[in-house]
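As structure tokens, the structure follows; a few thoughts come after it.
Protein chains get the first letters and strands the later ones, always in sequence-line order, with residue 1 at the start of each.
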There are 2 protein chains.
Amino acid sequence: MFSKSCQYAIRAVAYLAEHKGTDKNAGVKEIAEALQVPQQFLAKILQTLSRHNLISSVKGPGGGFYLDETNVNAPLLEIVEVIDGKNTLNACILGKPTCSSEHPCLLHQHFHGCREGLRSALSTCTIGSLMDGKSC
Amino acid sequence: MFSKSCQYAIRAVAYLAEHKGTDKNAGVKEIAEALQVPQQFLAKILQTLSRHNLISSVKGPGGGFYLDETNVNAPLLEIVEVIDGKNTLNACILGKPTCSSEHPCLLHQHFHGCREGLRSALSTCTIGSLMDGKSC
DNA sequence: GCAAAAAAAGGTATTTTTATCCTTTATTTT
DNA sequence: AAAATAAAGGATAAAAATACCTTTTTTTGC
């Protein structure tokens, strides 16, 4: 469903949300250790998120990543779209290019609801809403 | 969600089901062209399915793949398990090793229902039930 | 028996994804 | 100003997934 990059991205953002309010920023090293994921790989992902203004960063001593007041308003869906592409939640589960409600694949109806449920959760749930250990 | 191998596998089996009753067997070439997927890659997948007794095959002229009376009773879930592994429908959507109902990841509850819906469809729907162009 | 057909099997090649390394740039502290 | 810190960026490496090619085995029809 989601690539590892995307999984790491969502989890990293959740980490930032949970630690928002702390005065100090979270460095790649800290996040990677907390999530138990490869540090340099995560660094790339955080760069991408930062470039797309989904998270914020400061360089230098005491620097790291954090969420500003704009970041918290973005829905989680944007993370997915930035990392895995906008089509992730539209793709046919059997990879048929022609799959749609009009020309459903044999699993279409079973998967469609699932996908839309996820999409709506990811659209509704903002990055900020993950603060204080809340779920989506 | 499913690897391409698995997507091709399910679609190929569906093709066999739809063409069951025809007196002639379906060759790799025929199936690959019908599904618009790489022939040699599909050949490997069909081999695997055959080795696991999910489909049947005969070599030589007039040979090819078909479904026998045992094959038709297997649920589609077995295809998924053979190709992508038994854990496919249990894995956490965010890749957290510890994710469970007791320790849910932040998308757990939204994804859980989806996964179980799919699992139940794939368990209920046998290969044979795809004959006559039926869906799951 | 022989030639052709078609799957089985094994190996190789390509592409994509995941992961690491190393240098540069920006910032902060001393 | 110098040193330390941490992200940014570029290039490379390793692994996995996908795709292709060649040979072998089996079967069929002549």
Given DNA chain C, 5'-ward residue of the pair A/Y8 and A/P61, judged by closest heavy atom:
A/Y8

Strictly below 4.0 Å, heavy-atom distances to any atom of DNA chain C: list the hits from residues 34-52 of chain B, or just say none.
B/K44, B/Q47, B/S50, B/R51

Could you pull out all donor-acceptor pairs under 3.5 Å where a side-chain atom in residues 13-21 of chain B meets a protein atom, sequence neighbours excluded?
| from | atom 1 | to | atom 2 | distance (Å) |
| --- | --- | --- | --- | --- |
| B/Y15 | OH | B/E30 | OE2 | 2.5 |
| B/H19 | ND1 | B/Y15 | O | 2.9 |
| B/K20 | NZ | B/L67 | O | 3.0 |
| B/K20 | NZ | B/E69 | OE2 | 3.0 |

Among all residues two or more places apart in sequence or in another chain, which pass the ring-ring contact (aromatic ring centres under 6.0 Å, His included) test with A/H110?
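Not a single residue meets the ring-ring contact (aromatic ring centres under 6.0 Å, His included) criterion with A/H110.
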
Can you name the ring-ring contact (aromatic ring centres under 6.0 Å, His included) partners of B/Y66, sequence neighbours left out?
none

Residues two or more places apart in sequence or in another chain: which of them pass side chain to side chain contact (heavy atoms under 4.5 Å, CB included) with A/Q47?
A/K44, A/R51

Please collect all salt bridge (Lys or Arg N to Asp or Glu O under 4.0 Å) contacts where either partner lies in residues 117-136 of chain A, sequence neighbours excluded, each pair once.
A/E116-A/R119, A/D132-A/K134

Outermost nucleotides of DNA chain C that come under 4.0 Å of a non-hydrogen atom of chain A
C/dT18 to C/dT28

Students should find this one: the first and last nucleotides of DNA chain D, 5' to 3', lying under 4.0 Å from a heavy atom of chain B. What are they?
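Extent of the interface on DNA chain D: D/dT18 to D/dT28.
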
Only pairs at least two apart or in different chains count here, so list each ring pair (Phe, Tyr, Trp, His ring centres under 6.0 Å) that has a residue in residues 32-53 of chain B.
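The answer is B/Y8-B/F41.
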
Atom pairs and distances, donor-acceptor, side-chain atoms in residues 76-89 of chain A, under 3.5 Å, two or more places apart:
| from | atom 1 | to | atom 2 | distance (Å) |
| --- | --- | --- | --- | --- |
| A/D84 | OD1 | A/S3 | OG | 2.6 |
| A/D84 | OD2 | A/S3 | N | 2.9 |
| A/D84 | OD2 | A/S3 | OG | 3.4 |
| A/T88 | OG1 | A/D84 | O | 3.2 |
| A/T88 | OG1 | A/G85 | O | 2.7 |

Mind listing the side-chain donor-acceptor pairs of residues 33-40 of chain B below 3.5 Å, one per line with the distance, residues two or more places apart or on another chain?
none

Name all residues meeting the disulfide bond (SG atoms under 2.5 Å apart) criterion together with A/C114; count only those two or more places apart in sequence or in a different chain, and write none if there are none.
B/C114

Side-chain donor-acceptor pair present, A/T126, A/N73, cut-off under 3.5 Å:
no

